[in-house]
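Inspection log for the structure reproduced underneath, given as structure tokens.
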Amino acid sequence: MQENGTEVTAAGIARLAGVGRAAVSNWRRRHADFPRPVGGTETSPSFALAEVEAWLRAQGKLAEVPLRERVWQQVAGHPQGPVTALVHVGCALLLLHDRPPVWLELTAGSDERLAELLPGPLDQVLTPRFGVIRKRAVATPDTAQLRPSAPLLRAAGDLAAELGARKAYEFLLGRHLDANPRQYTLTPAGLAGLMADLAGPAAAVLDPACGTGALLRAAAAAQDTRGTGDQHLYGQDSAPELAALTALRLALHTRAAVRTAAADTLREDAYGSLRADVVLCHPPFNERNWGHDELAYDPRWEYGFPARTESELAWVQHALARLREGGVAVLLMPPAAASRRSGRRIRADLLRRGALRAVIALPPGAAAPHNLPLHLWVLRRPAVTDRPAQPEVLLADTGACAADSRGGLDWQAVRTAVLDAWRPFDRTGTGPEQPGVSRSVPVIELLDDDVDLAPARHLPPPAAGGAERLGDVRDRLGETLRLAGSLTPPPADPRPPARWPLTTIGELARGGALQLRTGGSGGHARGPVLTDHDVLAGTGPSGTAPAAPPAEGEEEPVLTEPGDVVVPVLGGGSVARVVDGAGAGAALGRNLVLLRPDPAALDPWFLAGFLRGTAGNRRASSYASTATRLDVRRLRLPRLPLDQQRTYGERFRALADFEEALRLAGHLGDQLVRGMYDGLTDGTVEPG
């Protein structure tokens, strides 16, 4: 009866059986003995997992489902909800991790016995790991709460035996976060690691808006790497479920002392007496109801009382208030916080008293909201003996590190650019100027009427290189134009259209003359990803594969080889590109089709050239929606002997070289014009 408490949706049934949702709907209509709904709604019913599995098994429709998928279905269909299920699973896995013999003894009996005996051992593990503080996030569940979870906990223990307790919990928690993307604001691992690097080593770390614990995990990982001794991690979040999940996640990842609290940080600070070495924070943005009216006389507002529209500056001052003297805070901030007029007095006081050390602009896409170039603020709590003001502040802009939106950010490039600017500045209080990237700005220069800290307003433009650099660009442009002139196709003699026998790509694929493969997200290849934008622009692979672990049963990425022909399927253009040695080995990205011709049957340049014909492209395109999509299988090309194909292929290759020369000439021409404008306006180039 307890297992029947776990429910599963139609989508979950489809995953269990390895079919589409339409098949599940058909089963419900055609089979009178299909299990009846036990919950949900009329349009989205849920079913008892045990009954569904029994029916699928009897019908021979139950696929060989991986253990991790079965456990996830139990979490998702838990009668008390997936969050409660994850908390119970985390507690059990922590017991298994810390005291495996106790877990083995408890699971030797029935589910009823497990639920009856589990609270005592859990409390013996949870209290030492999480302490006894006001509003502790993880309370020991009692027997009544554990009864519906007993089958799930037993299955989670089996999964931990297969993956390890830490990886098992990460998998289940990751699936929950992926299934509810709008419910949680996540901090990407690359960003969390960068913030921990900026803060440096710390024995006591606080995240007052801990969310799912990414920043505290990064701090713990950095401490483990440095091997610098014991660490205490403190977290607080207004959402009790997040505070609990973060505590369990951290406890499974590190031996550091973990303390998390569930309460509104600005209104009910759980760590009023704490003086941390480091504060890392990704606060909520643009909150109006942050406590402005009731917190007017709060002692944390040392730098000024934040306006109702400046919740982020309240978080900044809270972070400074929880630091020891000399402690460092790193906060993720919206770009508007650096320039809104309502916050200029607080920004000015942060500068005058030496609390603000750096403002670093990140590329768009670093974190939600992904369309904004978010900022990192690095702050330091001034010591009583410090001078009244810090002479300079580091302003940096890493916008040039942005990658193609389909490939995500190159976090290694962002990290290198930020730390190369920050580390010299952190040591000496000043740093060399890098046009367009970073500059240490005197505080007095920022204390004007606006106190605008946006880095782009204070950085010199990227250097064009002066007259010498412009001379090099001009010489390269001349050489490229001469090359383009030599590659210009000869005059064409008019002749009537040819009447060749035609075939299609689909027919060639069925006959074995070529292989046809479709691109994905790059899978989990470690190398670069060739995107459709790369093919259209004629550039090298610029995408990156996702950092998440591969899903069960996920296909291997398609890797390009020399002689492959790559075709974009969106946009309605006529583009086909032959992969050369430099582009080989990249994973094939989304919206690309790869054609791998048999050299004994097809010449790749002949194939690519005829695929670029405009008329054939129109016939093979679909115009049923706003986005034109190309059906590559319908593209036609003539049936010609291989020697005649190679004659055409040589001509198509020459056209491709001419096209590349024109593209390079256009790029160099733009660079020369832009450099001349910049040089004339900043005085590095004489007008005469």
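Source: prediction; values computed, not measured.
With no hydrogens or angles considered, no side-chain donor-acceptor pair links Glu287 and Ser311 at under 3.5 Å. A donor-acceptor pair shorter than 3.5 Å cannot be found between the side chains of Arg255 and Gln231. Judged by distance alone, the side chains of Thr9 and Ser46 never bring a donor and an acceptor atom under 3.5 Å apart. Between the side chains of Ser149 and His78, a donor-acceptor pair is found at a separation under 3.5 Å.
A salt bridge links Glu302 with Arg381: at least one charged nitrogen is closer than 4.0 Å to a carboxylate oxygen. Salt-bridge annotation for Arg344 and Asp452: absent, with no side-chain N of the basic residue lying under 4.0 Å from a carboxylate O of the acidic one. Salt-bridge check for Arg357 with Asp426: passed, with a basic side-chain N closer than 4.0 Å to an acidic carboxylate O. Salt-bridge annotation for Arg345 and Glu310: absent, with no side-chain N of the basic residue lying under 4.0 Å from a carboxylate O of the acidic one. Salt bridge absent: Asp449 and Arg341 never bring a charged side-chain N and a carboxylate O closer than 4.0 Å.
In this structure, Phe305 and Trp301 have tilted ring planes: the angle between them lies in the 30° to 60° band. Note on ring orientation: taking the six-membered ring where Trp is involved, the planes of Tyr234 and Tyr271 are perpendicular (angle over 60°, cut-offs 30° and 60°).
Closest of all the heavy-atom pairs between Ala396 and Leu459 is C-CD1, 4.3 Å. Here the closest non-hydrogen pair linking Arg415 and Asp197 is NE-OD2, 2.7 Å. Considering all non-hydrogen atoms of both residues, Ala165 and Leu93 come closest at O-CD1, 3.8 Å. The two residues Ala85 and Leu152 have their closest heavy-atom pair at CB-CD2, 3.7 Å. Across all non-hydrogen atoms, the minimal contact from Asp420 to Pro424 is O-CD, 3.2 Å. Taking every heavy atom of both residues into account, Thr309 and Glu312 meet most closely at O-OE1, 4.2 Å.
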Could you pull out all donor-acceptor pairs under 3.5 Å where a side-chain atom in residues 365-378 meets a protein atom, sequence neighbours excluded?
none

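Scanning for salt bridge (charged side-chain N to carboxylate O under 4.0 Å, His left out) contacts around Arg249 gives Glu170, with sequence neighbours left out.
Panel note: side chain Asp237, backbone Gly211; a donor-acceptor pair is recorded below 3.5 Å. Put simply, the side chain of Thr398 never gets that close to the backbone of Val414: no donor and acceptor are under 3.5 Å apart. The main-chain N or O of Arg129 is found under 3.5 Å from a side-chain atom of Arg259 such that the two form a donor-acceptor pair. Without hydrogens or angle criteria, Gln145 side chain to Asp142 main chain gives a donor-acceptor distance under 3.5 Å.
Between Leu332 atom CG and His282 atom NE2 the span is 4.5 Å, to the nearest 0.5 Å. Taken from CZ in Arg423 to CG in Leu419, the straight-line distance is 4.5 Å, to the nearest 0.5 Å. Going from atom OG1 of Thr260 over to atom CG of Leu250 covers 8.0 Å, rounded to the nearest 0.5 Å. To the nearest 0.5 angstrom, Leu198 atom CG is 11.5 Å from Leu331 atom CG.
Tested against Thr212 for a side-chain contact (heavy atoms from CB on, under 4.5 Å), the candidates Leu173, Leu245, Thr185, Leu186 yield a single pass: Leu186. Evaluated for a salt bridge (Lys or Arg N to Asp or Glu O under 4.0 Å) with Asp277, the options Arg322, Arg380, Arg324 yield exactly one hit, Arg324.
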Hey, mind stepping through Thr430 and Ser440 against side-chain hydrogen bond (donor to acceptor under 3.5 Å, both in side chains) and telling me if it holds? CA-CA 6 Å; Thr430 188; Ser440 53; 3.2 Å; yes

